[in-house]
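One is the number of the first residue; the rest follow in order along the sequence. Note that the structure is a prediction, hence the values are computed from the model and not measured.
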Amino acid sequence: MSTEDRPPAPRSLAEALRARGDAALGALLRSRPDLITPVPTDLTQLATRAGTRASVVRALERLDRFTLQTAEALAVAAEPATYDELLGLTAGDDADPAVVAALPHALDILREQALVWGGDDRLRLVRTARELLAPSPQHPSPTGLGPTVQEATAGMSLGRIQEIVTTAGLSSTHDSVSAVTALTGLFTDRARMAALLADAPADSLDVLERLVWGPPYGQVTPDPAARLRWLLDRGLLLPTAPGTVVLPREVALHLRRGLAHRTPEPVPPVVEAVAVRRPQVVDSTAAGQAYTALATVEELLKDWDEGGPAVLRAGGLSVRDLKRTAVALDVPEPVAAFWVELAYAAGLIASDGEADERYAATPAYDEWLEAPAAERWSRLATAWLAATRTAGLVGGRDAKDRTLSALGPGLDRSAAPEVRHRVLALLAGLPEGAAPDAESVLARLRWERPLRGAQREDDPRSRLARWALSEAELLGVTGRGALSAHGRALLGAAAAVRHPEAEGSGPGDSGPGDKLPVHHHRPVPVVPLSPAEQAVASAAAARLLTPQLPEPLDHVLLQADLTAVAPGPLRRPLADMLGVLADVESKGGATVYRFTPGSVRRALDAGQAASDLHAFLTAHSRTPVPQPLAYLIDDVARRHGHLRVGAASAYVRCDDDAVLNEILADKRAAGLGLRRLAPTVLAAQADPAGLLEGLRSMGFAPAAESAEGDVLITRALAHRTPPRTAPEPVPDGPPVPDDVLLTAALRAIRAGDLASTTPRKPGTAPEVNGELPRTGSAETLATMQAAVLTGEALWIGYVNAEGTASQRVIAPIRVEGGFVTAYDHTADEVRTYPLHRITGVAELADDAG
């Protein structure tokens, strides 16, 4: 392209944005959604907003390490800088091939996010970004560089500058500007600088070596040593304050061989695998842990079934209640906090809102219990992925030094969902069955989102990542450290190809000491899914998990010591009944239940008869019912009635007709509308729930039964909250705009920009860019009517009913009744505007398009 055909270089960020197409502008608004909240009126306002401190800080915090290093290098370069100058600062004199290959992409990211604008011959960093990244005594740069010669000598006398220039072997000048320019030219000339430093004393070079990579400031006495005096006389060290000297940026860059950073990092760290196991082993281990997760949550909710712990005045669980819950679940307190928070995030527990406020299961818990095991797990895992509440913070202190409690305020971390997705995505990028080295995962995350300034090993994202790895294992998303098949599906990566090296040729696994770097695998690009996509992924995960879960058993082994052994997970009706009839004594691969007088009485209080208990044990035991257990049941049952209530609107049946006679004779039964249908059956007008409550108030212990005659196991004292919704995650800034919003926003911005940049006739429009035209009502009406006759377009200011002002270019068609009907060029349609809402009108230049 010839010089004449080349488009003119943009003079501002607004002009650079104006030259972009809709796709490029859309990419900017997606990467920086804060720029679209609210929608800018035009591209000038968009550029202004893109340069605000808060927006620039947010954008810089989302850059990877090398892209941030590129921005930091631009901040220490002259403005504007050329691409070759930037390449020299990032790749050095040796032109590191990795940096040479990565720099164009990093520069493209900075341009896309409107942090850099201009062509390769005139690269400019947005002013706010330069202010944030440029070195200063108050805010040292990660580059370790100091001020330039020009900046460091700003307050120096002309005589002192001339002394430095002369001692450095340069010709004296008549003014400080030319002297500083000459000294800068010397320090940036590699050959002359090498010759100057060749004559330096060795101990003077040692001083430079200590300062070269930063910090560039040092302390000196009023009478510096000879090695310092040699450097000060030649300007290789310059005074900045009494007793303080600095290494000029040009000198440091020469000593660094042109590098702005000591260690450029153009390539992300590799996530290494410490062991590779067969995918079948990983999936079965994860499935076992998933089943344990379901059992733990069920046990937690059963423990709180009659009303859980009280809610603290400030919200959350007390330390004592968390300890008690940990003991009940037989887990450490941090793990108990995780399960409590998980159940809360899934909407299974909430506060009941009563005067004596307590935590309890929600009605959604009963629905959750009825779902298949795999679906129940996918609901928990989905809630965990999206939750911003972070259980790992429990027990810590907030900004006001208050203890953070489980279910209490202050646990939300908006970055948590993104970190969890990213950690699992890195695991998904490894071969199937590969367990990653945790430190390599953290190193990768720190590269992708580095902290500006000093790097900390225990930064917030690293803590979130460590918790994500441990919680994924607890929940069964991973197994033995590797991502499971149902974990990949949950993440939306179910279509990932199975890697042959992950299969293994034998039953053994590689040992934990074998570090296996995986250089040939890139992470599966997984981002948080939309609600509809997540529902599909969760269903796919449940389908993959279903065959991995153990098949529930329908039997137990009764023993003579009044115990029953469940050799595996039990079917729900059996588990529910056994949980009422006996107490859990120990858990593990096999669960041991113990029968006691209290547990048997509990079953009878729930409405069971002794004959029912004998029949239940006989039907579900692979061993004969021991005589001591039969005697225990009969002995406890002697003091209990034998009533059953059904849903025949409703009925009561009992083998003992004397008991039914007693009920009919009781005056308290009058409201139940009872009448005898048979010697052993009474019919009632009350519903089954009301009949149960009425008979219990009379001192009886009835049990509900299904239409088939099976006993319904319920807890008479079960406490539920009113319907509650799960807590909403706290968003991490404005949401990324969807396609509909993005299209509308781009159209509005383009329209407003057209209105604000259309040429106006001289003297008819305000000179201040963005200011609305102002004319009187009579002039506005006359100009509108004239434009109808001539067919000319006009520039107007308009304020809508909500008070929002905008600029528009219109071609009036008709003016009548206080309204103007016109073709609106900015909206690309015919519209009608009230004249009283038009602030003013201006004629467009004759050559306006």
Side chains of residues 328-350: which donor-acceptor pairs under 3.5 Å do they make with residues two or more places apart or in other chains?
from	atom 1	to	atom 2	distance (Å)
Glu341	OE1	Arg389	NE	2.7
Glu341	OE2	Arg389	NH2	2.9
Glu341	OE2	Leu407	N	2.6

Pair up each side-chain donor or acceptor in residues 364-373 with any protein partner under 3.5 Å, not counting sequence neighbours, and list the distances.
from	atom 1	to	atom 2	distance (Å)
Asp366	OD1	Arg720	NE	3.3
Asp366	OD1	Arg720	NH2	2.9
Asp366	OD2	Arg720	NE	2.8
Trp368	NE1	Arg376	O	3.2

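With no hydrogens or angles considered, a side-chain donor-acceptor pair links Asp412 and Thr388 at under 3.5 Å. Using a 3.5 Å distance cut-off with no hydrogens or angles, the side chains of Thr382 and Ser538 do pair a donor with an acceptor.
The existence of a salt bridge linking Arg602 and Asp583 is confirmed by a sub-4.0 Å separation between a basic side-chain nitrogen and an acidic carboxylate oxygen.
Looking only at distances, no side-chain donor or acceptor of Ser621 sits under 3.5 Å from a matching main-chain atom of Thr618. Judged by distance alone, the side chain of Tyr359 and the main-chain N or O of Gly316 form a donor-acceptor pair under 3.5 Å. When atom types are taken as modelled, the side chain of Thr478 and the backbone of Gly481 share no donor-acceptor pair closer than 3.5 angstrom. Judged by distance alone, the side chain of Ser484 and the main-chain N or O of Gly487 form a donor-acceptor pair under 3.5 Å. Within the 3.5 Å criterion, the main-chain N or O of Leu558 finds a donor-acceptor partner in the side chain of Thr623. A donor-acceptor distance shorter than 3.5 angstrom exists from the side chain of His486 to the backbone of Gly476, with no hydrogens or angles considered. Checking side-chain atoms of Thr390 against main-chain N and O of Gly392 turns up no donor-acceptor pair under 3.5 Å. Distance alone, capped at 3.5 Å, places no donor-acceptor pair between the Arg594 side chain and the Ala564 backbone. Listed for the Arg480 side chain is no donor-acceptor partner under 3.5 Å among the backbone atoms of Ala434. A donor-acceptor pair is defined here as one N or O able to donate and one able to accept, closer than 3.5 Å; such a pair exists between the side chain of Ser378 and the backbone of Glu375.
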Test side-chain contact (heavy atoms from CB on, under 4.5 Å) applied to Trp304 and Thr325, step by step: CA-CA 9 Å; Trp304 292 9; Thr325 300; 3.8 Å; yes
What do the steps show when you test Arg278 against Val282 for side-chain contact (heavy atoms from CB on, under 4.5 Å), and what is the final call? CA-CA 7 Å; Arg278 289 186 298 115; Val282 170; over 6 Å; no
Kindly indicate, with the supporting measurements, whether the criterion salt bridge (Lys or Arg N to Asp or Glu O under 4.0 Å) is fulfilled by Arg324 and Asp303. CA-CA 10 Å; Arg324 190 192 66 79; Asp303 187 50; 3.4 Å; yes
Given Arg420 and Val477, is the side-chain contact (heavy atoms from CB on, under 4.5 Å) satisfied, shown in steps? CA-CA 11 Å; Arg420 292 191 195 106; Val477 176; over 6 Å; no
Taking it one step at a time, do Leu474 and Thr296 satisfy side-chain contact (heavy atoms from CB on, under 4.5 Å)? CA-CA 11 Å; Leu474 278 175; Thr296 304; over 6 Å; no
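Side-chain atoms of Leu617 and Leu581, non-hydrogen and from C-beta on, do get closer than 4.5 Å to each other. Looking at heavy atoms from C-beta onward, Gln289 lies out of side-chain contact with Leu475 at the 4.5 angstrom threshold. Put simply, the side chain of Leu682 does not reach to within 4.5 Å of the side chain of Leu677, judged on heavy atoms. Side-chain contact between Tyr631 and Leu629 is absent, with no heavy atoms from C-beta onward closer than 4.5 Å. Looking only at side-chain heavy atoms (C-beta outward), Ile663 and Leu672 stay at 4.5 Å or farther from each other. Annotation: side chain of Gln559 is in contact with side chain of Val565 (closest heavy-atom distance under 4.5 Å). A 4.5 Å side-chain heavy-atom check between Leu570 and Pro552 finds every atom pair outside the cut-off. Residues Thr721 and Thr362 form a side-chain contact, since some pair of their non-hydrogen atoms from C-beta on lies under 4.5 Å apart.
Rounded to the nearest 0.5 Å, atoms CZ (Phe700) and CD (Glu662) are 4.0 Å apart. Taking OG1 of Thr596 as the start and CZ of Arg601 as the end, the distance is 8.5 Å to the nearest 0.5 Å. Note that OG1 of Thr680 is 10.5 Å distant from CG of Asp656, once rounded to the nearest 0.5 Å. A distance of 5.5 Å separates CZ in Arg676 from CG in Leu664, rounded to the nearest 0.5 Å. One distance of note links CG of Leu491 with CG of Leu483; it measures 7.0 Å at 0.5 Å rounding. Between atom OG1 of residue Thr725 and atom CD of residue Glu728 there is a gap of 7.0 Å, rounded to the nearest 0.5 Å.
Nearest approach of Leu404 to Pro409, heavy atoms of both residues: CD2-O, 3.8 Å. Taking each heavy atom of Pro628 and Leu562 in turn, the nearest pair found is C-CD2, 3.8 Å. Here the closest non-hydrogen pair linking Leu632 and Pro597 is CD1-CG, 3.8 Å. A pairwise comparison of heavy atoms in Glu357 and Ser351 identifies OE2-OG, 3.0 Å as the closest pair. Between Ala610 and Asp634, the shortest heavy-atom distance links the atoms CB-OD1, 4.2 Å. Of all heavy-atom pairs between Asp554 and Arg622, the closest is OD1-NH2, 4.3 Å.
For Glu299, the CD atom counts as densely surrounded, since its 6.0 Å shell holds more than 12 non-hydrogen atoms of other residues, nucleotides or ligands.
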